[in-house]
Amino acid sequence: MKLPIDFYLRQDVVQVAQDLLGKVLYTHIHGKTCAGIITETEAYAGITDKASHAYGNRRTTRTETMYQQGGISYVYLCYGMHHLFNIVTNQQDIPHAVLIRAIQPYAGLDTMLQRRNAKQYHHQLLNGPGKLSMAMGINQTFNAQSLQGNQVWLESKSIDVPEECIEITPRIGVDYAKEDALLPYRFVVKAKL
DNA sequence: CGTACGATCTGCT
DNA sequence: GCAGATCGTACGA
């Protein structure tokens with residue numbers, strides 16, 4: 001069951017970031033299906049958030065994706081070589097997004113290993129936004145895709161992550177955001193599910 | 001048009 | 001622990 005559109009349209013992107021923990025991210029490419037349980041997320045809270053690409057209501061070719069209605073992907077190239085995968089939330093013209101930073105393999109591990117040039121699973125395989133994109137086959141063509149489609153989508157598991165298993169910290173790699181770099185917008189699953 | 005820099009990862013020291 | 005890889009985007013001239 002794909003997550004319904006209402007999940008993404010909620011106003012509080014920080015809450016959505018937390019709720020995304022334990023959800024399952026799927027990609028389907030050339031007949032290969034891969035899936036991972038989301039274990040780390042970060043919220044980017046739009047025009048007032050100095051860490052966001054949309055800070056100050058910046059509307060550019062790149063950020064335009066975030067201004068669309070929630071429930072789509074936002075993928076961009078970082079450091080010239082990593083495709084970072086985000087989920088757009090909230091209504092149209094409110095550029096909120098959640099960065100997916102880590103997953104735990106759930107299906108299609110063999111394909112993920114191939115894409116990562118690895119022989120077997122190890123705990124460093126999917127623990128970073130660039131790594132999971134490479135493993136899942138996510139690239140620029142995944143930008144602005146509907147999460148109700150059949151290329152990339154999210155599903156719910158029967159059990160949610162209990163709150164006591166969630167660690168909340170400041171975001172990674174956003175020192176340039178000054179005081180906003182300290183906001184508690186990063187969510188990490190502590191133990192295995 | 002030129003340039004500075006990143007929501008990162010890897011390999012080498 | 002640190003530098004190098006590597007290029008689209010943003011912004012000022």
Side-chain angles (χ1 to χ4, degrees), chain A residues 8 12-21 23 25 27 34 36 38-68 70 72-90 94-105 112-145 147 152 154 166-189:
Chain A
Y8 305 105
D12 186 351
V13 66
V14 179
Q15 184 66 50
V16 175
Q18 176 163 345
D19 292 346
L20 279 168
L21 294 179
K23 299 292 186 282
L25 172 65
T27 58
C34 290
I38 295 172
T39 58
E40 183 177 342
T41 63
E42 283 179 1
Y44 285 85
I47 64 175
T48 60
D49 180 356
K50 289 187 173 138
S52 171
H53 296 158
Y55 174 64
N57 209 34
R58 247 188 336 226
R59 293 191 84 128
T60 65
T61 311
R62 178 174 66 157
T63 65
E64 201 55 38
T65 301
M66 279 197 284
Y67 287 85
Q68 294 188 46
I72 64 171
S73 57
Y74 169 48
V75 178
Y76 71 93
L77 186 67
C78 187
Y79 293 105
M81 60 188 77
H82 302 293
H83 300 281
L84 270 52
F85 179 79
N86 299 255
I87 291 167
V88 177
T89 70
N90 216 319
I94 302 179
H96 287 178
V98 177
L99 172 67
I100 307 302
R101 292 191 55 90
I103 59 176
Q104 181 178 306
M112 293 198 270
L113 288 172
Q114 281 179 13
R115 294 201 185 108
R116 287 274 290 135
N117 302 313
K119 289 192 166 54
Q120 56 179 9
Y121 178 75
H122 52 99
H123 70 291
Q124 306 261 55
L125 189 74
L126 301 166
N127 67 336
K131 295 178 186 178
L132 74 88
S133 287
M134 177 179 281
M136 296 287 282
I138 290 168
N139 57 50
Q140 213 73 331
T141 68
F142 279 69
N143 186 45
Q145 296 282 322
L147 300 177
V152 55
L154 280 83
I166 298 175
E167 184 178 4
I168 305 177
T169 78
R171 292 170 291 185
I172 303 296
V174 294
D175 289 347
Y176 61 86
K178 298 185 178 174
E179 70 271 18
D180 284 352
L182 300 174
L183 293 169
Y185 282 2
R186 175 169 174 255
F187 300 91
V188 188
V189 178

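Just so we're on the same page: letters track the sequence lines, and every chain starts at 1.
- With distances taken from any side-chain atom of A:Val174 to the nucleotides B:dA7, C:dG8, C:dT6, the minimum falls on B:dA7.
- Between A:Arg58 atom CZ and C:dG8 atom C1' the separation is 14 Å, expressed in whole Å.
- Across all strands shown, B:dA4 forms a Watson-Crick or G-U wobble pair, both distances under 3.5 Å, with C:dT9.
- Once rounded to the nearest 0.5 Å, the distance linking OH of A:Tyr44 with CG of A:Asp49 reads 8.0 Å.
- A:Gln140 has its CD atom 14 Å from the C1' atom of C:dT6, to the nearest Å.
- Between A:Arg62 atom CZ and C:dC7 atom C1' there is a gap of 12 Å when expressed in whole angstrom units.
- In this model, the phosphate group of B:dG6 is not approached by any side-chain N or O of A:Tyr76 to a distance below 4.0 Å at OP1 or OP2.
- Checking the phosphate oxygens (OP1, OP2) of B:dT10, a side-chain nitrogen or oxygen of A:Arg116 falls inside 4.0 Å.
- Here A:Glu167 does not pair with A:Arg186 in a salt bridge; the nearest charged N to carboxylate O distance is not below 4.0 Å.
- Between A:Gly173 and A:Gln124, the residue anchored nearer the 5' end of DNA chain B, judged by the nucleotide with its closest heavy atom, is A:Gly173.
- A donor-acceptor contact shorter than 3.5 Å is absent between the side chain of A:Ser73 and the backbone of A:Val75.
- For A:Ile172, whose side chain is taken as the heavy atoms from C-beta onward, the closest listed nucleotide among B:dT8, B:dA7, C:dC7 is B:dT8.
- Residue contacts shown for A:Leu84 are limited to sugar-phosphate atoms, with no base heavy atom under 4.0 Å away.
- For the side-chain contact (heavy atoms from CB on, under 4.5 Å) criterion with A:Phe187, the lone passing option out of A:Val14, A:Leu20, A:Thr39, A:Thr169 is A:Val14.
- Taking atom CG of residue A:Asp175 and atom P of nucleotide B:dT8, one finds them 10 Å apart after rounding to whole Å.
- Listed nucleotides C:dA10, B:dG6, B:dT8 differ in distance to A:Thr63; the shortest reach to its side chain belongs to C:dA10.
- Distance, A:Tyr55 OH to B:dG6 P: 16 Å, rounded to whole Å.
- Between A:Tyr44 atom OH and B:dA7 atom C1' the separation is 4 Å, expressed in whole Å.
- Taking 4.0 angstrom as the limit, A:Thr60 places a side-chain polar atom (N or O) nearer than this to OP1 or OP2 of C:dA10.
- Spacing between atom NE2 of A:His82 and atom C1' of B:dT10 amounts to 8 Å, rounded to whole angstrom units.
- Contact annotation: A:Arg186 does not reach the phosphate of B:dA7 (side-chain N/O to OP1 or OP2, under 4.0 Å).
- Remark: A:Arg171 fails to qualify as a cation-pi partner of A:Tyr185 under the 6.0 Å distance and 45° angle criteria applied to the six-membered ring.
- Across the protein-nucleic acid pair, A:Glu40 atom CD and B:dC9 atom C1' stand 14 Å apart, rounded to whole Å.
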